[in-house]
A.B. asks: 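My questions will all concern the structure given below.
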Protein chains: 2
Amino acid sequence: MSKDIKILVVEDDENLRFLAAMRLKTEGYQVLEEADGISAIQTITTEKPDIVLLDWMLPGKEGSEVCEEVRKNGFEGLVIMMTAKAQDVDKIDAYQFGASDYVTKPFSMDVLVAMLESKVKFLLNAERSEIHRFGNMEHHPNIHTLFRDGKKIELTILENRILLYFLRNPNQVISREDLMLEVWGYNSDVNTRTLDMHIVRLRKKIEVNPDNPQLLQTVRGVGYRFNVGS
Amino acid sequence: MSKDIKILVVEDDENLRFLAAMRLKTEGYQVLEEADGISAIQTITTEKPDIVLLDWMLPGKEGSEVCEEVRKNGFEGLVIMMTAKAQDVDKIDAYQFGASDYVTKPFSMDVLVAMLESKVKFLLNAERSEIHRFGNMEHHPNIHTLFRDGKKIELTILENRILLYFLRNPNQVISREDLMLEVWGYNSDVNTRTLDMHIVRLRKKIEVNPDNPQLLQTVRGVGYRFNVGS
DNA sequence: TTAAATTTTGAATGAGTGGTTAAATAATAA
DNA sequence: TTATTATTTAACCACTCATTCAAAATTTAA
């Protein structure tokens, strides 16, 4: 399996860092190393690794700060925090700083490798992401974005979800109930007006002439239908 | 209601699995059970269930792996992931592994049943996508649409219902009473003129020359007959 | 924290559909 | 032929459903 995955190990403990880097290299990963927060930020920015293994306690800058900062700069790779059990970081906290997951020290190299395996699989999967084309538009649901002739149109979370549902069920009548069930879940009590509102806004983004929708059409008394292809 | 839907529940927690299986059986589904990923893959391959309820965390193989693998083997049924809230899988992520939807644990059996209901409805709908052809026209009753040489003609709910009844009983004389019973039900008090009116409107949409109907013809004193070239 | 963006909601508006009436037309019977 | 009955059609009204608007509530970002 050709992984071709770049991992940055940020850890001030020489021994641990060396051990981890060694093992990851033998597993076939491309490995970079840093020992402090400042350098880590620089390396992440320039090298754009796929995964960052990041110690929680670092000289220079704390792991949480590093994580926050690179996220702000648009880094989208996975960040895995390494924390000592004593520090007892709540999982939630780690996520708050933009980390993707965490491991508690001490951990065996086998555990680390196993975890990375599953993360990598996830990465690879995410790459062959879903794209829907219709008319002169492209919908990339993963990044909540729509492109009209290459021009970017941002979608809100709900717009994205609604559009995705339509695109997965094109040329069919979708009842309001089904749509609301899909978007808001089973035990929600959102007003039906809300749905209308979102349809309106979605039309403004996808239709050439929103007053005379050609793609997202209403089927009176039944629901909506998204027309794709002939 | 004979559902005749086969559901496989894959869950290692005995209690939860038993509970779910129990409830689903009483709901009239045919239920299979597995406790680990390996067995699940085998059962899915041999039994080809319509729906798989799949735990995200499983011994042997993870839910995502199971999903990916059976998809690769050509399984086309619905896969619904069950995930703990803490795992916090984005809906989009679940889809990437080939899942059709997901529920977060803990969930009530009622929620589960409600969800499956809508999924099943969808399944059944997809199966019986009825289409009727006559002359140069195609009637797609599910989407309330008629195509004349590929050109779309929208039908209202009643037009759709009336036309469908005729197309299901072609080349026969349909009495006004039967038609009204079919369209408006038993305890309706609609005027018989109303029916005429709808026939007129329908003719305007389907006949080449509505003044001289060739398809939907009157049988004076009795009712109507829809002519379809044998 | 405040500000901005997003989502939700109730009320008002508007459009489309379905139903009725009554007059016009067609078919049948006397 | 005329009288009678059945059907077609147009015009109209009422009602439901969809849309829009404005504003409140909520979430997210700064």
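What you see is a predicted model; the values in this text were computed from it and never measured.
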A.B. asks: Would one find a side-chain N or O of A/H198 under 4.0 angstrom from OP1 or OP2 of C/dT6?
C.D. replies: no
A.B. asks: Tell me the interatomic distance from A/R193, atom CZ, to D/dT19, atom P, rounded to whole angstroms.
C.D. replies: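 After rounding, the gap between these two atoms is 9 Å.
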A.B. asks: Looking at C/dT6, C/dT20, D/dT7, which one has an atom nearest to any side-chain atom of A/T156?
C.D. replies: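 Nearest listed nucleotide: C/dT6.
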A.B. asks: Would one find more than 12 heavy atoms of other residues, nucleotides or ligands at under 6.0 Å from atom CD of A/Q42?
C.D. replies: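 At most 12 heavy atoms, drawn from other residues, nucleotides or ligands, come within 6.0 Å of this atom.
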A.B. asks: Verify the contact: side-chain N or O of B/T218 to OP1 or OP2 of D/dT8, cut-off strictly under 4.0 Å; return yes or no.
C.D. replies: yes
A.B. asks: If you measure only the distance, is there a donor-acceptor pair under 3.5 Å linking the side chains of A/H139 and A/N160?
C.D. replies: yes
A.B. asks: With a 4.0 Å cut-off on heavy atoms, is A/V190 in touch with a base, just the backbone sugar-phosphate, or nothing at all?
C.D. replies: sugar-phosphate
A.B. asks: Tell me: CZ of A/R161 to C1' of C/dT6, nearest whole Å?
C.D. replies: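 These atoms are roughly 13 Å apart.
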A.B. asks: Taking atom types as they are modelled, would you say the side chain of B/R201 forms a donor-acceptor pair with the base of C/dG19 within the 3.5 Å cutoff?
C.D. replies: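 A donor-acceptor contact between them is present.
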A.B. asks: Can you tell me if the side-chain N/O atoms of A/W184 get under 4.0 Å from OP1 or OP2 in C/dT8?
C.D. replies: yes
A.B. asks: Rounding to a whole Å, what distance do you find between B/L195:CG and D/dT9:P?
C.D. replies: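 Rounded to the whole Å, the gap is 13 Å.
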A.B. asks: Roughly, in whole Å, what's the span from CG in B/L179 to P in C/dG18?
C.D. replies: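 Those two atoms, CG and P, are 14 Å apart.
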A.B. asks: Nearest to the side chain of A/I157, heavy atoms from C-beta on, is which of D/dT20, D/dT9, C/dT7?
C.D. replies: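 Output: C/dT7.
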A.B. asks: What's the CE-P distance between B/M197 and C/dA23, to the nearest Å?
C.D. replies: 16 Å
A.B. asks: Rounded to whole Å, please give me the gap between NZ in B/K204 and P in C/dT17.
C.D. replies: 14 Å
A.B. asks: Could you state the atom-to-atom distance from CZ of B/R220 to P of D/dT8 in whole Å?
C.D. replies: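 Atom-to-atom, B/R220 to D/dT8, this comes out as 9 Å.
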A.B. asks: Dump the intermediate steps for side chain to side chain contact (heavy atoms under 4.5 Å, CB included) on B/L163 and B/L202, then the final yes or no.
C.D. replies: CA-CA 8 Å; B/L163 179 57; B/L202 192 50; 4.2 Å; yes
A.B. asks: Does a donor on one side chain and an acceptor on the other come within less than 3.5 Å for B/T218 and B/R225?
C.D. replies: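 Not at all, the side chains of B/T218 and B/R225 share no donor-acceptor pair under 3.5 Å.
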A.B. asks: Could you tell me whether the phosphate oxygens of C/dT20, OP1 or OP2, come under 4.0 Å of any side-chain nitrogen or oxygen in B/T194?
C.D. replies: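 Yes, because at least one side-chain N or O of B/T194 sits under 4.0 Å from OP1 or OP2 of C/dT20.
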A.B. asks: If you compare every side-chain N and O of B/Y224 against the phosphate oxygens of D/dT8 (OP1, OP2), does one of them come in below 4.0 Å?
C.D. replies: yes
A.B. asks: Say whether A/S39 and A/D36, considering side chains only, have a donor N or O and an acceptor N or O under 3.5 Å apart.
C.D. replies: yes
A.B. asks: Rounded to whole Å, how long is the line connecting atom CE of B/M180 with atom P of C/dG19?
C.D. replies: 9 Å
